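Heads up, the thing below is written out as C-alpha cells.
All values derive from a computational prediction rather than experimental measurement. We're numbering straight along the sequence, starting at 1.
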Amino acid sequence: MIFEEKKISSERIYEGAILNVRRDKVTAIKGEAYREIVEHNGAVGMVALTENGGIIMEKQYRYACRRVVLEIPAGKIDDGETDPVAAARRELEEETGYRAEEVIHLGDCNPSCAYSEEVIHLYLMRGLVPGQQHLDEDEALEVIEMPFEEVYEMAVNGEITDAKTLAALLMAGKYCNREL
C-alpha cells in the first residue's frame with residue numbers, strides 16, 4: 001500500500017534569490033510529520049547537437065561541489081517566464097552563443113524529488129547557428145564541443161555526476177543515432 005501524504009499546514013522558513021524553503025506539516029502513515037521543501041521555479045537543460053554529431057558541453061566551477069563540473073548547457077526559468085522552450089532558447093544563446101533552429105522536448109526530470117519541487121525540462125537542440133555569448137556577470141564557463149560517444153562513456157564511467165546531464169544524455173541517445 002502506498003500512503004499519500006496530505007498537507008496540514010505550511011510555513012515559509014527561508015526566502016532567497018533563486019529558491020525558497022518551506023516547512024510543511026503533513027499526514028503520515030503513523031500520524032503527522034514535517035517535510036522541508038525547496039521551492040524552485042524550475043530549470044531547462046539542453047543537449048545541443050552539432051552537425052557533425054558532437055554535443056556542446058560546459059566546464060564550470062560549481063561551488064556546492066567544490067570542483068569543476070562537466071555538464072550540458074542549462075539554466076533556471078526566470079520569474080515570469082512561462083514557456084520552458086523560450087527559456088531553453090534563451091539559456092542556450094546566453095551561455096554558448098548558439099541559437100537552435102529545432103527544439104525537441106526530451107522529457108523532464110526531478111533532480112531531488114525527496115525535498116525539492118524543482119523540475120528540469122530537457123531538450124535536444126539541433127540546427128545550431130553560432131552567435132555571441134551573453135554570460136551573467138557572475139558566470140564563468142568554458143564551452144567545448146565533444147563527441148556524443150565520449151561524453152556518454154564519461155557518464156557511464158562515473159566521470160560525469162551532474163543529474164540533469166546524466167538524464168539528458170540517456171534521453172538524447174535515440175536522437176543521436178546511437179545504440180546505448
Next on the checklist: Applying side-chain contact (heavy atoms from CB on, under 4.5 Å) to Asp136 and Glu94, what does each step give before you reach the verdict?
Outcome noted: CA-CA 8 Å; Asp136 294 337; Glu94 284 178 7; 4.3 Å; yes
Checklist outcome for this item: ring pair (Phe, Tyr, Trp, His ring centres under 6.0 Å) filter on His105, not counting sequence neighbours, yields Tyr123
Checklist entry - Is Leu106 close to Val47 at the side-chain level, that is, under 4.5 Å between some pair of heavy atoms? => result yes
Checklist entry - What pair of heavy atoms forms the shortest contact from Phe3 to Ala28, and how long is it? => result CE2-C, 3.3 Å
Next on the checklist: So Leu141 and Gln133, do their side chains get closer than 4.5 Å, heavy atoms only?
Outcome noted: yes
Next on the checklist: Tell me whether Arg89 is salt-bridged to Glu93, with the criterion being a basic N under 4.0 Å from an acidic carboxylate O.
Outcome noted: no
Item to check | Interatomic distance, Tyr152 atom OH to Leu169 atom CG [nearest 0.5 angstrom] | outcome: 8.5 Å
Checklist entry - Does the pair Asp24 and Ser9 meet the rule for a side-chain contact (heavy atoms from CB on, under 4.5 Å), with working shown? => result CA-CA 6 Å; Asp24 289 354; Ser9 64; over 6 Å; no
Next on the checklist: Distance alone, cut at 3.5 Å: any donor-acceptor contact between the side chains of Asn41 and Asp79?
Outcome noted: yes
Next on the checklist: Within the 4.5 Å heavy-atom criterion, are Ile55 and Val151 side-chain neighbours or not?
Outcome noted: yes
Checklist entry - Checking side-chain contact (heavy atoms from CB on, under 4.5 Å) for the pair His121/Asp83: CA distance, chi angles, key distance, verdict? => result CA-CA 10 Å; His121 307 277; Asp83 181 11; over 6 Å; no
Checklist entry - Nearest 0.5 Å, what's the CD-CD1 distance between Glu153 and Ile160? => result 10.5 Å
Next on the checklist: To the closest 0.5 Å, what do you measure between CD1 (Ile72) and OG1 (Thr96)?
Outcome noted: 12.0 Å
Next on the checklist: One thing to verify: whether Arg12 and Glu15 come together as a salt bridge, which I'm taking to mean a side-chain N less than 4.0 angstrom from a carboxylate O.
Outcome noted: yes
Checklist entry - Is any NZ, NE, NH1 or NH2 atom of the basic residue among Glu71 and Arg62 found under 4.0 Å from an Asp or Glu carboxylate oxygen of the other? => result yes
Next on the checklist: Taking Glu32's backbone N and O only, do any of them form a donor-acceptor pair with Thr27's side chain (distance below 3.5 Å, no angle check)?
Outcome noted: no
Next on the checklist: Counting C-beta onward and ignoring hydrogens, is there a side-chain heavy-atom pair between Ile144 and Lys59 closer than 4.5 Å?
Outcome noted: yes
Checklist entry - Does Ser112 offer a backbone N or O that forms a donor-acceptor pair with the side chain of Asn110 under 3.5 Å? => result no
Item to check | Qualifying ring pair (Phe, Tyr, Trp, His ring centres under 6.0 Å) pairs, either residue in residues 46-77, two or more places apart | outcome: none
Checklist entry - Any side-chain heavy atom of Leu70 sitting closer than 4.5 Å to one from Asp162? => result no
Next on the checklist: How long is the straight-line distance from CG of Leu92 back to CD1 of Ile56, given to the nearest 0.5 Å?
Outcome noted: 8.5 Å
Checklist entry - Does a side chain donor of either Arg35 or Ser10 reach within less than 3.5 Å of an acceptor in the other side chain? => result no
Checklist entry - So, Glu39 and Arg22, do they make that salt bridge, N to O below 4.0 Å? => result yes
Checklist entry - Under a 4.5 Å cut-off applied to non-hydrogen side-chain atoms, are Val26 and Tyr34 in contact? => result no
Item to check | Side-chain H-bond candidate by donor/acceptor type, Thr50 with Glu145, under 3.5 Å | outcome: yes
Checklist entry - Is a salt bridge present between Glu91 and Lys76, judged by a nitrogen-to-oxygen distance below 4.0 Å? => result no
Checklist entry - Are Arg126 and Glu101 side-chain neighbours, meaning at least one heavy-atom pair lies under 4.5 Å? => result no
Checklist entry - Between Glu142 and Val68, does a side-chain contact (heavy atoms from CB on, under 4.5 Å) hold up when you go through it step by step? => result CA-CA 10 Å; Glu142 179 185 353; Val68 173; over 6 Å; no
Checklist entry - Side chains of Ile37 and Arg23: closer than 4.5 Å at any heavy-atom pair? => result no
Checklist entry - Between Ala140 and Gln60, which heavy-atom pair has the shortest distance, and what is it? => result O-CG, 3.6 Å
